[in-house]
There are 2 protein chains.
Amino acid sequence: MTHPVTGGDLQRLRRLNALSALAALRAGGPMTLTQLAERADLARATIKVVVSDLMELGWVAQMDPSGGEKGRPARRYRFRGEAGRVLGLDIGAHKVLGVVADLDGNVLHTTREPVTPEQPRAERLAAVDRVVDACLTGSGASASDVWIAVAGSTGYVDLQGRVVLSRAIQDWSSVPLADHVGARLGCAVLVENDSRLAALAECRRGIARDTPNLIFLHVGRRAGAAVVLDGVPLRGGGGAAGEIGVHPLFNLGHVGELLQAVPAVEPGTPPDAVAGAVFEAARRGDAGARGAVLRYVKVLALATSAMALTVDPDLVVLGGGFSRSADVLLEPLRDELETMCLRTPELRASVLGDECVAVGAVCYGVEHLSKTLFNPETGPLPADTPPPLMV
Amino acid sequence: MTHPVTGGDLQRLRRLNALSALAALRAGGPMTLTQLAERADLARATIKVVVSDLMELGWVAQMDPSGGEKGRPARRYRFRGEAGRVLGLDIGAHKVLGVVADLDGNVLHTTREPVTPEQPRAERLAAVDRVVDACLTGSGASASDVWIAVAGSTGYVDLQGRVVLSRAIQDWSSVPLADHVGARLGCAVLVENDSRLAALAECRRGIARDTPNLIFLHVGRRAGAAVVLDGVPLRGGGGAAGEIGVHPLFNLGHVGELLQAVPAVEPGTPPDAVAGAVFEAARRGDAGARGAVLRYVKVLALATSAMALTVDPDLVVLGGGFSRSADVLLEPLRDELETMCLRTPELRASVLGDECVAVGAVCYGVEHLSKTLFNPETGPLPADTPPPLMV
DNA sequence: AATCTTAATGGTGGACTTCATCATAAATTC
DNA sequence: GAATTTATGATGAAGTCCACCATTAAGATT
């Protein structure tokens, strides 16, 4: 009912102040004591004690004096992002992508390996293992340096991180992905829907950086969606939020097929290239192709407006493979949406490319760590010890 | 990025503890010092000081000793809900309903006045004024006792509380409702969509008390919806969340008309009674009526499943005028939803009746006060002084 | 009716945290 | 080299919480 206001001990106040300082340092970059005192709204003397505590714990390091200022040069302090590592995985239909980042979310290393949708589960898991190993060796980290791993997978992922159902990947439903990766790394592993992570990535570092309420539209041969509200990916009561694709009127699972039979596309074009060819023809002005695109956009708009009317976002981000053809899609989609919405959201194309999901996984991991590690109950734990296992 | 961890002064710690004690007292009812110390996780000595502070401020009062226990009888303390009043208004098409409650949300008085959808704006506002006055005199309160008023109105209400657009009520779009009521009461006035308030009421005190994620379906001659996520009504980027009714495929604005032309209903039945007659006939087993109900339910299910797939609720609550015929609607609607959802939500009928919106308005007001008054920044202000104007 | 048990109450001292203030130190600038 | 600017270090004061102990007030027992 009322939101939890927790006071407590004097030591707790100290913890609160330490966390406040740490948060200010993380958000505002390297700072002097005076700046930090101002941002955290604490006295200099207090901040000094707090910061020296944090340095002992390993969370904060002193930087080389920069000089260039007028008076006595102030010591500058920074958050030690290198204290731990976050691993982001994108397990898609055609590739497995691994990204290692520090606690600030800076990407340190990327590994990618191709897979096919038809591969059996064991082979795909082996590919995941190889990517994880390559990530570790490539970034010079050991398994114990990784504090949390987040894996994005297609399909409906429930609140416990189980892949309940996947249509895009063969033999993948109810795969024990978290256990598999967790056994290898010995850290907490979160599994999330890939669209949701992509949406988060666009919201944090992409086209939606200034927009907390958005719908991410994953368009490709299959279509999916994710919703972000107040900057937080919406999971819903069971993790199925955004799965508008199964609605009987929209049938987004096969909406990509609307882009098949167009005269302008030569017979014999490989299936994966058909859509691109249609877009290309539409770009050139081919009437048949434009008609196909319009039919496709109409269906997409119907589904999108249903979601938009439900959650009233400020922005719709067009992502996924077809977003490369945003120049052809954006305008007609915008026109269609205009006719169906009460408060038509803006429409923009994704900008993060194919590392989108992995970057979102890193963001998700960093934020999860923030919530659990930097917790007022436990205070900032020593940075050297890896965090306790959590889910 | 990181959620705000604010520490601060020693006095701030005291404020935090005072608020923590107050929150515990509000949530847990009257308590002894020992119980309170346990709930707020503070030492008895501390709680004692905090509580005597709160008594001086007027937030807490001592109760009569109850006795009946074994040892020395403990003094029991309670939150002084009577320190202020919250006014909830439901401005509907056919009635204006006013409810006065204390800060605990206990309803003290109710006033109702009939109106018609066709009445001009001035008449409707005059009716609102009369209801407000009757609420004050009826509950023995003066205008300055009312700390906040919340008005529920049909139509699209934006984030600033402006009624942007109303189709159900004539001459109502962009009415300056908050200003009008605020001028009369001299307190903050919030305006919200009525379905959203009804949803909140069901979530706090109705059929959904244990369910934080739900969709409230307002069914009647016109249909509307509202979404509650994690116990919070979803407004969206511009306050239009839940307005699925304007979607071209669902046309919920006139979905009630599907219940018109049924042979079992005698010609000449007044328009308002037709739907009820159809439901009655369907209840008796009339085939034509059952068919009409089924057609109606199909449309409703399409819209509901679109929303459900978007936000993945645990529950759909059937409310509004037609929910009186839930016995006829629930089962077919459940069956239809079953075929369209990935994770089919539970389906229940509203239980709060026609005071639903006003009760939701009170809940909303109480919770808004909790957020603004009981704010760690300002600490618990003296209870006697009415709160500063806020929006 | 006197005594025992139970549990709340009141008070004291100690430990801790934060803050304001002042004198000092280390750079740049003139 | 002096003046200026800014950071640093140290001290004392004030505020807050907690553990502990003796005291008080009621019901339960004999």
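- Counting to the nearest Å, the C1' atom of C:dT17 and the CZ atom of B:R12 are 15 Å from each other.
- Using a 4.0 Å cut-off between a side-chain N of Lys or Arg and a carboxylate O of Asp or Glu, A:D53 and A:R14 qualify as a salt bridge.
- With hydrogens and angles disregarded, no donor-acceptor distance shorter than 3.5 Å links the side chain of B:D230 to the backbone of B:V232.
- Here the straight-line distance linking atom CG of B:L352 with atom CZ of B:R205 works out to 9.0 Å at 0.5 Å rounding.
- A:R75 has its CZ atom 18 Å from the P atom of D:dT6, to the nearest Å.
- A:S370 and A:R26 share a donor-acceptor pair across their side chains, judged by distance under 3.5 Å alone.
- In this structure a side-chain-to-backbone donor-acceptor pair under 3.5 Å is missing from A:D145 to A:G84.
- Residues meeting the side-chain contact (heavy atoms from CB on, under 4.5 Å) test with A:I207, sequence neighbours left out: A:E202, A:V317, A:R348, A:V351.
- Regarding A:L36, its CG atom lies at a distance of 13 Å from the P atom of D:dA7, rounded to whole Å.
- Listed by residue number, the members of residues 43-53 of chain A with any heavy atom below 4.0 angstrom from DNA chain D are A:R44, A:K48.
- One atom, CG of A:L33, and another, P of C:dC19, lie 14 Å apart when rounded to the nearest Å.
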Q. Can you check side-chain contact (heavy atoms from CB on, under 4.5 Å) on B:L36 and B:V50, steps first, answer last?
A. CA-CA 11 Å; B:L36 195 50; B:V50 166; over 6 Å; no
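- In this structure, B:T32 reaches neither bases nor backbone, as no heavy-atom distance under 4.0 Å exists between it and the strands shown.
- Between A:E38 atom CD and D:dA7 atom P the separation is 10 Å, expressed in whole Å.
- In this structure, the CG atom of A:L16 is 15 Å from the C1' atom of D:dT16, given to the nearest Å.
- Residue B:N17 places at least one side-chain N or O under 4.0 Å from the OP1 or OP2 atom of D:dC17.
- Taking atom CZ of A:R76 as the reference point, atom C1' of D:dT6 lies 15 Å away to the nearest angstrom.
- Not one side-chain nitrogen or oxygen of A:R14 sits closer than 4.0 Å to the OP1 or OP2 atom of C:dC16.
- In this entry the distance linking CG of A:L13 with C1' of D:dC18 reads 15 Å, nearest Å.
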